[in-house]
Amino acid sequence: MQRIYMDANATTPLLPEVYEAMRPFWIEHFGNASSIHQHGQHARAAVDHARDAIARLFHCRASEIVFTSGGTESDNLALFGTLTSELSPTKEKTHVITTSIEHHAILHAAESLEHRNIDVTFLPCTAQGIIEPAELIGAIRPNTKLVSVMFANNETGVVQPIAALAAIAHAAGALFHTDAVQAAGKLPLDLGPHGPLKDVDLLTISGHKMHAPKGVGILFVRRNVRLNPMMHGGSHERQRRAGTENVAGIVGLGKAAEIATAWLSTEGPAKLAALRDRLEQGILAQVPEAGVNGAGAPRVANTTNIYFDHIEAEALVIALDLKGLSVSGGSACQSGATEPSHVLTAMGLTSTRARASIRFSLSKLTTEEEVDRALELIPAAVAHLRELSPTWQQHAVATEA
Ligand code: PLP
């Protein structure tokens, strides 16, 4: 059985070209990029080459890229690295604004700030999952030092008005960070000094969400933004992130960035959106009492999050898995959790409906045949689970009466 993978927001496979680019850097070219001999020089040149490719994807300077171990580290570095001097209990309290729909890498880091002399405001979202600029304007205080709002949500794919939010933060004298893990490689991100994202000071990327390996990521840090390292050690990454560079991982991320740059200028994004729409509309046409979470909001092309009333998402994930289709009930880190999704409940879903929601996330490798096969499997699995559902039986009786 050929398995179908529709969980690209959890992770993506390496593209073969990415793997080929990385391969020599484990065995032949294994040097430490800080060594001055030929082995080291070769590794350094490869890291520089990758940095340039990534800078081209994001229209920024190579020197503004800090390599990290992934999205979680970059998010933590953005918060703790800009707020180091504010953490002392003897200082006057500072204020940070983030949102109630962030990934746990931001949410839990922000909660930890709350125990360390920082007031944190968690902005609410609309029923569509959007953070309204007016909410940010209302929350800003004279002592707001940092605003962090994610670019695209990992569960719903909803895209935030980042340019407007960043401009509001800047006008109030605060720094602006965005977790762009689910946007990178899917949307054009122009961080240039005159581009639409010119007010973004810090931006997080994770390699494994864009066909590079796990364990490598980036924090974009705009020139002149002061960032203190979280870890103490060597002077790597211009003193912003200590630790020997993951050369093979960085090379992989550089290659993935080159591929993404080319892909974004083709019909690839439109084709991906068409596949997602085919899946979404196909499900809604066949399955009653189902709907799209975040419908009508701007969304990244690969994601749809659908509720199927009268079933448990976990049971549907297992049923589809047994049929060869990998999907997820919310974010990967949440799978297995008993709590309903904090993102969907923030959007106003009841916990029952949030627990009945499934995320389908496609990638540029997803085919039309896979979508069509999924469209056979999903309605059948939902119908089967509903036959076993007491609330569905009651609902059927009530609607017949
Ligand atoms: N931020 C978002 C929006 C994510 O979706 C994820 C991963 O799911 C992360 C951060 C964490 O990235 P990483 O797995 O590279 O630590």
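No hydrogens, no waters, no symmetry mates; every other heavy atom, side chains included, goes into these values. Just so you know, ligand 1 is whichever comes first in the structure, and atom 1 is the first atom listed for that ligand.
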Peer 1: Taking only non-hydrogen atoms of K209, do any sit less than 4.0 angstrom from ligand 1?
Peer 2: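 Heavy atoms of K209 do come under 4.0 Å of ligand 1.
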Peer 1: Need the ligand 1 atom indices (1-based, order shown) with element for anything under 4.0 Å from a heavy-atom of D75.
Peer 2: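 Per the distance check, 1 (N), 10 (C).
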Peer 1: So if I count the atoms of ligand 1 from 1 in the order they appear, which ones are less than 4.0 Å from some heavy atom of G70?
Peer 2: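 Going through ligand 1 atom by atom, the ones under 4.0 Å from G70 are 15 (O).
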Peer 1: Should D179 be counted as touching ligand 1, given the test is an N or O pair under 3.5 Å?
Peer 2: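 N/O-N/O distance below 3.5 Å exists for this pair.
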Peer 1: State the atoms of ligand 1, each with its element, that fall below the 4.0 Å cut-off from a heavy-atom position in N154.
Peer 2: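 Here the atoms of ligand 1 in question are 3 (C), 5 (O).
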Peer 1: Could you report the tightest heavy-atom contact between P161 and I130, atom names first, then the distance?
Peer 2: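 Result for this residue pair: CD-CG2, 4.2 Å.
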Peer 1: Is the H29 ring parallel, tilted or perpendicular to the H42 ring (thresholds 30°, 60°)?
Peer 2: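 H29 and H42: parallel rings.
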Peer 1: Out of all atoms in ligand 1, which are within 4.0 Å of some heavy atom of G71? Include the element for each.
Peer 2: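 In order of number, 12 (O), 13 (P), 15 (O), 16 (O).
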Peer 1: I'd like to check whether S206 has a polar contact with ligand 1, where a contact means an N/O of the residue lying under 3.5 Å from an N/O of the ligand.
Peer 2: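 In this structure, S206 places an N or O atom under 3.5 Å from an N or O of ligand 1.
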Peer 1: Would you call D52-R61 a salt bridge at under 4.0 Å N-O?
Peer 2: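 No salt bridge links D52 with R61.
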Peer 1: When R359 is tested against each of N305, N9, D7 for side-chain hydrogen bond (donor to acceptor under 3.5 Å, both in side chains), which residue passes?
Peer 2: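 Option passing the side-chain hydrogen bond (donor to acceptor under 3.5 Å, both in side chains) with R359: D7.
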Peer 1: Look at the rings of H39 and H37 and say which category their plane angle falls in: under 30° parallel, 30 to 60° tilted, over 60° perpendicular.
Peer 2: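 Plane angle over 60°, so perpendicular.
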Peer 1: Counting from 1, what ligand 1 atoms have a heavy atom of H208 closer than 4.0 Å?
Peer 2: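 Answer, ordered by atom number: 13 (P), 14 (O), 15 (O).
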Peer 1: Closer than 4.0 Å to some heavy atom of M150 - which atoms of ligand 1 meet that?
Peer 2: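 Result: 3 (C).
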Peer 1: Charged N to carboxylate O under 4.0 angstrom, D119 versus R141?
Peer 2: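 A salt bridge is present here (some side-chain N lies under 4.0 Å from a carboxylate O).
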Peer 1: Any idea which part of V181 is under 4.0 Å from ligand 1, heavy-atom wise: side chain, backbone, both or neither?
Peer 2: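 It is the side chain that touches ligand 1; the backbone stays farther off.
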Peer 1: Does the side chain of I106 come within less than 4.5 Å of M150's, by heavy atoms?
Peer 2: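 Contact flag for M150/I106 side chains = no.
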